[in-house]
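See below for the structure under consideration.
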Amino acid sequence: MSAIPKEEYLYKCTSACAGCSSSLCLRYVLKAAGPDSVLVIPACCTSVIQGTYPGTAMSVPVYNVAFAASAACASGMSEAFAAMGRETNVIVYAGDGGTVDIGIQALSGAFERGTNFLYICYDNEAYGNTGMQRSGATPLGARTTTTPGGKPTTKKDLDRIVEAHNPPYMATACSAYPLDLYKKVKKALSIEGPKFIHVLAPCPPGWRYPTEKTVEMGKLAVKTGTWILYEREYGKLTINGPSKAAMRKPAPLEDYIRGQGRFKNVSPEILNLMRQQVQQNIERLSREEAGVC
Amino acid sequence: MLTIATGNKAVAAAVKAAKPGVIAAYPITPQTEIVEQIADYVAGGDLESRYIPVESEHSAMAACIGASVGGVRTFTATSSHGLLYMHEMVHWAAGARLPIVMANVNRALGPGWNIWAEHTDAFSQRDTGWLQVFVGTVQEAYDATLMAFKVAEDERVLLPLMVNLDGFALSHITQSLETVDIGDFLPPYHLPHAIDTENPLGYGPVTGPADYVRFRWDIERSMRDARGVIAEVEREFAERFGRSYGPTEDYRCEDADVIVVAMGTLGKEAEVAIDRLRDAGIKAGSMRLRWFRPFPDLDLAGREVVVIDRDYSFGFGGVVAHAIRSKTGIEPYSVIAGLGGQEVTYNDIADFVRNRRPGTETWFGVSDHV
Amino acid sequence: MYEIRIHSRGGQGGVTAAKLLALAAFRDGKHATAFPFYGTERRGAPVVSFVRIDDEPIKVYSQIHEPDLVIVLDTSIMDVVDVLDGLKTDGTVLLNSAHPITGCNGACRYVDLTGIALAENLVVAGSPILNTPVIGALAKMGIVTLPSAEKAIREMFSDERNVKAARAAYEELKI
Ligand SMILES: Cc1ncc(C[n+]2csc(CCOP(=O)(O)OP(=O)(O)O)c2C)c(N)n1
Ligand code: SF4
Ligand SMILES: [Mg+2]
């Protein structure tokens, strides 16, 4: 494994909240992608984190575009570079809302067309930019400003939607495992066609936990099996290290839930449903990896 | 009840009083507080609406269309890019003759991202067949939202209505608010062409030119009739609740030689400028344009006019200045000011009046224009 | 018209303090408006809020450029923002600080709002609540009356410690 480069493409002066894990992810994404890359960013926290005109917190070109439009805009850019014979990486860095809700049509279109790009969805499980309203990626039971009593429905299974497009490479990642993310971005960018990485990005103000717990929160998501780290190359599934152990013997879900204000007062019934979901997910992926379908 | 509230909270309070059957909305700064407050009302049992947390604004308006023709009162709120993203359905709602009420918190458009006040978002929906009113105070945001349902649902109108309030300047300012017990001010929702399986109709199928023209003319006829309906509703509102509104809010206009025409909060700020100008011996007045569609008849004959546009139609000019010119024949002094939340004070407005050059256009804060 | 500018950091309660003050003035029978200037920054960035109080209805929406009173809830902001900018020559400054601060000329007043909040254990998400004690200090300065200040606090918060903190600030501020 080559060492992670020292070069920084995301400067430390961003206007992210303290303890923001998504900006940490972006740092590693850019380190893996290197300078011959363009970021395409729909409306999201990253629109703000990058700073205010005429400043920028990044040393690669950043193309900001309308909320629903990132994958389509990246399609155009990728084709333009192809037409010019350029090898520049086109990377969408979009929030969960911009991916599973308003942007899903453009995402689906770009993957079906085989656009050569990397789409990264950093998932803080709500609309962070506008102050933490629910998104389709908000988990069951989580309180947001538009689900004050807890979200009554489950998290949209984005990965299975993307999987249905049969991309050459897709992976999940988590901000608490930056080296894993770095490697996945490297690998994705070495492959031609539409690539997808779904990164869980804990968010202190949204999930309501103290800022210093950001890494711990990501680790707990993985250790409890709530978030499973895997890769899928040309359809073939590989569960990654930290999740292998977690899937054999997941830590109690309460360890993850307890520290988050958004899950305060979840009913025992909801908690039970959450537990069942985690279990089902683990079983489904284990079966698939073992070749039993 | 007498309290204080922000413009957003006032809109939400009016919606609570109007009790829509369905509310579908999507968050966007600076409108989000409306959506959050409504979600809170619904979750707390203070409002028995069904709240649909849609995945985009296109779907917000589409859901309102489905609900409205389905037979219930509907409401949504948006701003800026949200309004633009729903544009197709904004046209649809009017063409389908559905009395949907929408609050639009006026905000500039990207790129670059800008979350502050501007009127270009609403004006970009100018030709959709929606009624549009612009408010200037928190109280007016509440009152206009209540009246909006009554105007839109009137059988002589049956067109959707957009209540516009300036982003941050009004959406986030705290002022006094008197909420009212609306009693029977709003009659039960009745849509003559609501979906009815006893009377199965085809809605919006392929329509040939001759019929299409008649449908379009019918929209315009209702727009014209809406003027009278608005006046009636505003009169009834004044009688019941003691606050009166009209197509414009005129301030010290009677003997004025020069009149400032502006909209939203700049129209209120202009009143302060007028007092300063009067103190200095300049006979000025102000006219805050409240209704934009249907556009009212304005009595400006014999005056000089200074129009402040918080918007622009590129390659042409200020939208309001153009409307005044074409409606009254007067060549105004056109000032483009307040774009993207640009700070414009009453002193600036007084200067616009002092330095007016009728027949010309000036961009406030830009020094290199010819 | 009396014009107040409040400097704080996002999340410290400056915006709520402005609302509370407007409500208290309103309960005094005055006209009042309060509004924040929001940037797009996340938590912790400097935020400015404005309050206007008058006997007549207030039609001004523009920002306050020449305040009568400047309130600084977090004095660390003074390193990055010129909080005295435009202050009227006879204007006043109220600082959340236990001690006088060099560089604050003119009529400066100090009150340890953070200390008062901590003494009442008024802490949310690790930060002391400053917006209710500051209203007590403002009552002492005669901007609003103490009964209206208390009334406003009770209208917005159910926790009685907020009223106690406001009273403590009222007692503590030396006029
Ligand atoms: C068409 C449109 N609707 C709404 C918005 C307002 N908006 C901007 S960002 C955002 C939420 C973004 O959420 P997500 O994609 O999860 O990213 P995050 O902010 O959490 O990083 C919303 C609702 C917009 N910019 N454009
Ligand atoms: S809201 Fe969450 S994702 Fe957005 S900048 Fe703050 S910590 Fe990061
Ligand atoms: Mg998000």
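Note on naming: letters A, B, ... go to the chains in the order of the sequence lines (proteins, then strands), and numbering restarts at 1 for each one.
Counted within 6.0 Å of NZ on C:Lys164, heavy atoms from surrounding residues, nucleotides or ligands total 12 or fewer; the atom is thus considered open. Atom CG of B:Asp181 sits in a sparse spot, with 12 or fewer heavy atoms from other residues, nucleotides or ligands closer than 6.0 Å.
B:Gln175 contributes no side-chain N or O that, together with a main-chain N or O of C:Ala32, makes up a donor-acceptor pair within less than 3.5 Å.
Atom CD1 of residue B:Ile4 and atom OG1 of residue C:Thr33 lie 10.5 Å apart, to the nearest 0.5 angstrom. Distance NZ/C:Lys59 to NZ/B:Lys268: 6.0 Å, rounded to 0.5 Å.
Ranked by non-hydrogen atom pairs under 4.5 Å with chain C, the options B:Gly136, B:Ala273, B:Ala270 are led by B:Gly136. The residue among B:Val138, B:Asp348, B:Thr345, B:Thr29 with the most heavy atom pairs within less than 4.5 Å of chain C is B:Thr345.
The shortest distance between side-chain heavy atoms of B:Thr174 and C:Phe35 does not fall below 4.5 Å.
In this structure, chain B has heavy atoms under 4.5 Å from both the backbone and the side chain of C:Tyr61. Within the 4.5 angstrom heavy-atom criterion, no atom of C:Arg52 approaches chain B. Within the 4.5 angstrom heavy-atom criterion, no atom of B:Leu266 approaches chain C. Heavy atoms closer than 4.5 Å to chain B are found nowhere in C:Phe50, neither backbone nor side chain.
Side-chain polar atoms of C:His65 and B:Glu343 form a donor-acceptor pair below 3.5 angstrom.
Scanning both residues, B:His172 and C:Pro36, for their nearest heavy atoms gives O-CD, 3.5 Å. Smallest separation of non-hydrogen atoms from B:Thr6 and C:Lys19: CG2-NZ, 3.9 Å. Of all the heavy atoms in B:Val344 and C:Ser62, the pair that sits closest is O-CB, 3.7 Å.
Inspection of non-hydrogen atoms places B:Tyr251 of residues 242-255 of chain B under 4.5 Å from chain C.
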